[in-house]
2 protein chains.
Amino acid sequence: MARAATTADAFNAVAEPRRREILDALAQGERPVNDLVELLGLAQPHVSRHLRVLREVGAVDVRDEGRQRLYRLNPQALKPIHDWVASYQHLWEERFELLEDVLEDLKGEDLKDQESNEN
Amino acid sequence: MARAATTADAFNAVAEPRRREILDALAQGERPVNDLVELLGLAQPHVSRHLRVLREVGAVDVRDEGRQRLYRLNPQALKPIHDWVASYQHLWEERFELLEDVLEDLKGEDLKDQESNEN
DNA sequence: AAATTGTATACCCATATGTATATGCATTGG
DNA sequence: CCAATGCATATACATATGGGTATACAATTT
């Protein structure tokens, strides 16, 4: 077996820096292909290919407008990635959590002043 | 040019599901290779290879303990990924934010007559 | 020292990458 | 209806993946 296809999932699709650039560009709004060609400095066929990959994993949507194809970001496709890394976030922020634990303990010992505050 | 090396950065390293599994396992604590072999149901050489990739991108650290090698998660290596996706988070949560705004407005205007909800 | 255990590395293979280049196919303009 | 424009797809190529299997190496046990 070879490496998983770039179209296998968002993780693979987004591993390619150019595709991240494309998504970054589309985060600012819908764009035709040639806009991206200029922005990335890549040949048009390459951009089209990258867009195809992104489309296949649902990271972008297309819309036909005359002879242009307008690509639009579909951010929800990135959510699985976020969900996965987010579960690690507390690990690199452990120090803060420990601090919070301490504060929690302190609060527990004399919490007669406050009762509810949400964040 | 072929696809970027899996060792190019955390994005590429983590695109492989088995490597994510390994990290998930290590999130619960230091483990020797054979533990992971059993956990993943892969051949030992493959696990060693995956660990090498993860080591090269700094996602894991190793420690020698007798004839075992204990691998440990280094969560900070995942931070760049988190930082990148996090910048998109507000986009897929926009709907909720808008909804919250609306609710806020409704509450402000007449907060006695409110029970319908949207989907 | 020899045997055993725990890992790492070497080699083979099929696959699919990303870039390059050329071509195909709509849509719009004359 | 023909040319031009905006994209997509087809083909060619070097690379390196992940899995398999065999082997090498280090530490411990005997």
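Lettering follows sequence order; numbering is per chain, from 1.
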Requested in this report: Quickly work out the B/L51 CG to C/dA8 P distance and round it to whole Å.
Outcome: 7 Å

Requested in this report: Would you mind classifying the nucleic acid contact of A/R52 as base, sugar-phosphate or nothing, using non-hydrogen atoms under 4.0 angstrom?
Outcome: sugar-phosphate

Requested in this report: For residues B/L26 and B/L54, determine if any side-chain heavy atom of one lies less than 4.5 Å from a side-chain heavy atom of the other.
Outcome: no

Query raised in the report: Quick one: on DNA chain D, does A/Q68 or A/A2 contact a more 5' nucleotide (nearest heavy atom)?
Result: A/Q68

Query raised in the report: Are side-chain N/O atoms of B/W84 and A/D24 paired as donor and acceptor at under 3.5 Å?
Result: yes

Query raised in the report: Side-chain N or O of A/R69 less than 4.0 angstrom from OP1 or OP2 on D/dA8?
Result: yes

Query - Contact nearer the 5' end of DNA chain C, comparing A/G66 with A/R49 - result: A/R49

**Report entry** For atom CZ of A/R67 and atom P of C/dG29, their distance in whole Å
**Finding:** 6 Å

Query raised in the report: So, the side chain of A/D61 versus the backbone of A/R72: is there a donor-acceptor pair under 3.5 Å, distance only?
Result: no

Requested in this report: Establish whether the base of D/dG20 is bridged to the side chain of B/H46 by a donor-acceptor pair shorter than 3.5 Å.
Outcome: yes

Report summary line: note: B/E56, atom CD; C/dT9, atom C1'; distance rounded to Å ~ 13 Å

Query raised in the report: When the distance from CG of A/L40 to C1' of D/dC7 is rounded to whole Å, what number comes out?
Result: 15 Å

Query raised in the report: Taking only N and O in the side chain of A/R19, is any of them less than 4.0 Å away from OP1 or OP2 of C/dG18?
Result: yes

Query raised in the report: So what does A/P45 touch, heavy atoms closer than 4.0 Å: a base, only the sugar-phosphate, or nothing?
Result: base

Query raised in the report: Are B/V14 and B/V57 close enough that some pair of their side-chain heavy atoms sits under 4.5 Å apart?
Result: no

Query raised in the report: Can you tell me if the side-chain N/O atoms of B/Y71 get under 4.0 Å from OP1 or OP2 in C/dA8?
Result: yes

Report task. Verify the contact: side-chain N or O of A/T6 to OP1 or OP2 of C/dT17, cut-off strictly under 4.0 Å; return yes or no. Result -> yes

Report task. May I ask you to decide whether A/R52 forms a salt bridge with A/E56, counting only side-chain N to carboxylate O separations under 4.0 Å? Result -> yes

Requested in this report: May I have the distance from B/R31 (atom CZ) to C/dT7 (atom P), rounded to whole angstrom?
Outcome: 13 Å

Report summary line: Among the nucleotides D/dG20, D/dG19, D/dC7, whichever has the atom closest to the side chain of B/A43 is D/dG20

Report summary line: note: B/L36, atom CG; C/dT7, atom P; distance rounded to Å ~ 9 Å

Requested in this report: Look at B/N34 and C/dT5 and indicate whether a side-chain polar atom (N or O) is within less than 4.0 Å of OP1 or OP2.
Outcome: no

Query raised in the report: A/Q44 near the nucleic acid: base, sugar-phosphate alone, or nothing, with a heavy-atom cut-off under 4.0 Å?
Result: base

Query raised in the report: Could you state the CD-P distance from B/E21 to D/dG18, rounded to the nearest angstrom?
Result: 14 Å

Report task. Would you indicate what B/A4 reaches in the nucleic acid, counting non-hydrogen atoms under 4.0 angstrom: base, sugar-phosphate, or nothing? Result -> nothing

Query - Between D/dT5 (P) and A/D35 (CG): distance, integer Å - result: 17 Å

Report task. State whether a side-chain donor-acceptor pair under 3.5 Å links B/H50 with B/R19. Result -> yes

Query raised in the report: Between A/N12 and A/D64, who's closer to the 5' end of DNA chain C by nearest nucleotide?
Result: A/N12

